[in-house]
Amino acid sequence: MRVVDIIAKKRDKQPLSDSEIQWFVENYTSGTIPDYQAASLLMAIYLNGMEKHETVALTMAMAQSGDLLDLSGITDYTIDKHSSGGVGDKTSLVVLPLVASFDVPIAKMSGRGLGHSGGTLDKIETFPGYNVNLDEETFLRLARETGLVLAGQTRDLAPADGKLYALRDVTGTVASLPLIASSIMSKKIAAGANGIVLDVKAGNGAFMHDVESARELAQMMVDIGVSIGRDMVAVISDMNQPLGHAVGNAIETIEAIETLRGGGPKDFREHCVEIAHLMLKLAGRGTRWTERETVRDEIINHLDDGRALSRFRKMIEAQGGDPTYVDDLSKMPKASIIHEIVAEETGYIQQVRADAIASAALALGAGREKKDQKIDLAVGVIVNVKVGNKINKGEHVAVIHANHEEKLKEAIQFVKQAITYSNKPVDTLPLFYDTIYGQ
Ligand code: URA
């Protein structure tokens, strides 16, 4: 095979065969195919798309470029979740122990990611000593022994995706649905779960700005998973305003623990209950419940009576973290400046733009623009209002946690841009737009 022929074929809008895709991925990963030819093929894919069988072949080739985790020693059926990334999205911190509290083992590899705030790994690292760098053997042993493990991805998980993603990042080829779908799914497939719940965000604070493109991406990932023999379900959830109130790292972890204690913001709690519900349904634990509300009541009970919190505490301890932080939230990292933003008008909240709140958090230092950039765990924004809320002039709408005056000034501008007002009642935003089940 010659890579130039593969590039020309895709340039001419012809579908590639499975063996051509596999050959390309193998030879690019091993360094035989140079970046300029791989970039050219990526651009041809970006412009001309891929058929379903091509996305499946690309996913499998990238998944098989490294280790395929074998979770069968933990239980006969494992489940995983993935969020396409949103502002204030700390769902994994709640949902993983919540599902594990139903004796459904969870072995999850998470990322740090680039963006306005850290990823799940950064948030969990607010517990001093917590070890996210587990080798495969320890990862599997902890999952077997404790039923819940949350660690970083090993270098060997879909390395072809890591290499191709870095090239896409610098060649304007990230925003391609088949490339995004196969990139995400290659890591999920390599991570070994039998059932996968996808949370695809739609809105100004998400990768996909509108519900239609989020639905298209979700459907594509569901189809890939089903073709590879996985049980799949995807939700399309709103990301026009932040999820919950807190956007940052330590403040999001605190909000997650409050939710595990049976409190937390209403929208975030409801979001977690729905994701946990879908995970439990996949795991088969839902089959003995016929009434949807009964399942939900049971999940809510596990939040309210401390069972989910106790699983979370156990996980922190098992991975070397200091569990006293779970009991005493005042130990969490704190910012030196607390600045309150008040409502500029009496009326209704028209918008709390997730993208502008994300910019505020990034300006404060809560996220990273480049890999390996150090982030400030203590800073962030707590937004007290939701679209549709009635508000009086002078009431607190947000609190900024900052460590630098200059960064604070920038964040204030973003928060003020984010929150807009109306003198007429405004409809609330839905939490979910759709659910797509794999057939
Ligand atoms: N996240 C991924 O893992 N891959 C993409 O291509 C986009 C988002």
Side-chain angles (χ1 to χ4, degrees), residues 21 24-25 28-29 38-39 41-47 49-50 54-66 69 80-87 89 91-92 108-122 152-193 196-203 205-210 213-225 228 230 232 234 236-237 239 354-355 358 367-371:
I21 290 170
F24 164 76
V25 171
Y28 179 61
T29 315
L41 180 60
L42 289 173
M43 186 54 83
I45 294 171
Y46 179 92
L47 295 172
M50 281 185 136
E54 294 176 279
T55 58
V56 173
L58 181 57
T59 304
M60 272 320 278
M62 292 197 293
Q64 286 167 339
S65 67
L69 268 186
D80 198 356
K81 74 164 277 283
H82 175 82
S83 156
S84 66
V87 184
D89 190 2
T91 308
S92 288
K108 170 129 181 88
M109 288 196 176
S110 268
R112 290 188 194 278
L114 304 175
H116 58 279
S117 71
T120 302
L121 291 190
D122 299 292
Q153 276 166 17
T154 60
R155 235 182 264 282
D156 275 335
L157 201 80
D161 172 64
K163 197 168 172 191
L164 281 166
Y165 192 87
L167 188 62
R168 285 167 59 207
D169 208 20
V170 292
T171 54
T173 51
V174 167
S176 146
L177 286 185
L179 292 179
I180 296 174
S182 43
S183 164
I184 293 174
M185 287 305 293
S186 67
K187 286 169 285 204
K188 292 288 114 188
I189 299 296
I196 303 166
V197 175
L198 300 170
D199 177 10
V200 181
K201 310 280 188 195
F207 230 117
M208 298 292 142
H209 285 191
D210 58 90
S213 46
R215 191 178 280 127
E216 210 183 322
L217 175 64
Q219 186 70 57
M220 210 180 264
M221 292 195 286
V222 165
D223 289 346
I224 291 173
I228 298 170
R230 302 302 201 264
M232 302 291 303
I236 315 297
S237 63
M239 194 27 72
D355 54 355
R368 53 171 82 76
E369 282 164 290
K370 289 197 200 98
K371 249 183 175 174

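Whatever order the structure lists them in is the order used to number ligands and atoms, beginning at 1.
Across Asp89, Val197, Thr91, a single residue satisfies side chain to side chain contact (heavy atoms under 4.5 Å, CB included) together with Ser83, and that is Asp89.
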Checking Ser92 against Lys108 for the side chain to side chain contact (heavy atoms under 4.5 Å, CB included) test, could you report, in this order, the C-alpha distance in whole Å, the side-chain angles of both residues, the deciding distance, and whether it holds? CA-CA 9 Å; Ser92 288; Lys108 170 129 181 88; 4.0 Å; yes
Go through Met50 and Ile21 one step at a time and tell me if the side chain to side chain contact (heavy atoms under 4.5 Å, CB included) criterion holds. CA-CA 11 Å; Met50 281 185 136; Ile21 290 170; 4.2 Å; yes
Decide yes or no on side chain to side chain contact (heavy atoms under 4.5 Å, CB included) for Leu58 and Met62, but give the supporting numbers first. CA-CA 6 Å; Leu58 181 57; Met62 292 197 293; 4.0 Å; yes
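Geometrically, ligand 1 and Asp161 share no nitrogen or oxygen pair separated by less than 3.5 Å.
Near Ser183, meaning under 4.0 Å from any of its heavy atoms, are these atoms of ligand 1: 2 (C), 3 (O), 4 (N), 5 (C), 6 (O).
Contact check on Asp80 versus Lys188 returns a salt bridge, with a Lys/Arg side-chain nitrogen under 4.0 Å from an Asp/Glu carboxylate oxygen.
Ranking protein heavy atoms by distance to atom 8 (C) of ligand 1, first place goes to Phe207 CE1, 3.5 Å. Ranking protein heavy atoms by distance to atom 5 (C) of ligand 1, first place goes to Tyr165 CE1, 3.2 Å. In this structure, atom 3 (O) of ligand 1 lies nearest to the protein heavy atom Lys187 NZ, 2.5 Å. Closest protein heavy atom to atom 1 (N) of ligand 1: Ile184 CG1, 3.8 Å.
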